[in-house]
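Reviewing the structure listed below.
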Amino acid sequence: MGVHYICDAEGRKTDVIVPIDLWESLTAEKPADRPVGVAEPARYRGIYRDQDLDLEAEVRNLRDEWDRT
């Protein structure tokens, strides 16, 4: 059994019947469904303190990369 569409009187698709194995594969948790990011941002406070960087120049360079399309 494949995907089946249910149509109204005018022939417009209104519902769909999906096989359970397809449904389960579509609704299964994917790695992207988990929270992404830094769990403890305070851990990274001051990591650039001891480096000789011009942070303003670094930010400008990063912004320029987006404009190089």
Side-chain angles (χ1 to χ4, degrees):
M1 177 176 143
V3 175
H4 292 274
Y5 296 97
I6 300 173
C7 301
D8 62 11
E10 285 81 37
R12 293 181 298 230
K13 294 176 186 172
T14 59
D15 298 287
V16 65
I17 300 173
V18 180
I20 193 69
D21 58 335
L22 175 58
W23 177 256
E24 288 172 347
S25 71
L26 293 173
T27 58
E29 183 177 319
K30 310 282 188 301
D33 292 338
R34 290 186 223 119
V36 176
V38 178
E40 299 174 47
R43 255 178 61 188
Y44 300 96
R45 174 175 275 152
I47 61 174
Y48 292 109
R49 183 178 345 155
D50 298 329
Q51 296 184 12
D52 186 28
L53 293 174
D54 180 2
L55 292 180
E56 294 296 324
E58 294 296 326
V59 169
R60 278 192 302 277
N61 289 338
L62 290 171
R63 288 183 184 155
D64 289 344
E65 287 183 20
W66 287 99
D67 295 333
R68 290 188 216 152
T69 56

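Only heavy atoms go into these numbers, but all of them, side chains included; no hydrogens, no water, no symmetry mates. Count residues from 1 along the sequence.
- The side-chain heavy atoms of Cys7 and Thr14, taken from C-beta on, include no pair separated by under 4.5 Å.
- Under the side-chain hydrogen bond (donor to acceptor under 3.5 Å, both in side chains) criterion, the residue pairs touching residues 1-13 are Asp8-Arg12, Glu10-Arg12, with sequence neighbours excluded.
- Residue Val16 is grouped with residue Trp23 when hydrophobic side chains (ILVMFWY) are merged at heavy-atom distances under 4.5 angstrom, including chains of intermediate members.
- For Ala57, the side-chain contact (heavy atoms from CB on, under 4.5 Å) criterion is met by Asp54, Arg60, not counting sequence neighbours.
- Shown here are the side-chain contact (heavy atoms from CB on, under 4.5 Å) partners of Leu26, two or more places apart in sequence or in another chain: Leu22.
- Under the side-chain contact (heavy atoms from CB on, under 4.5 Å) criterion, Gln51 pairs with Tyr48, Leu53, not counting sequence neighbours.
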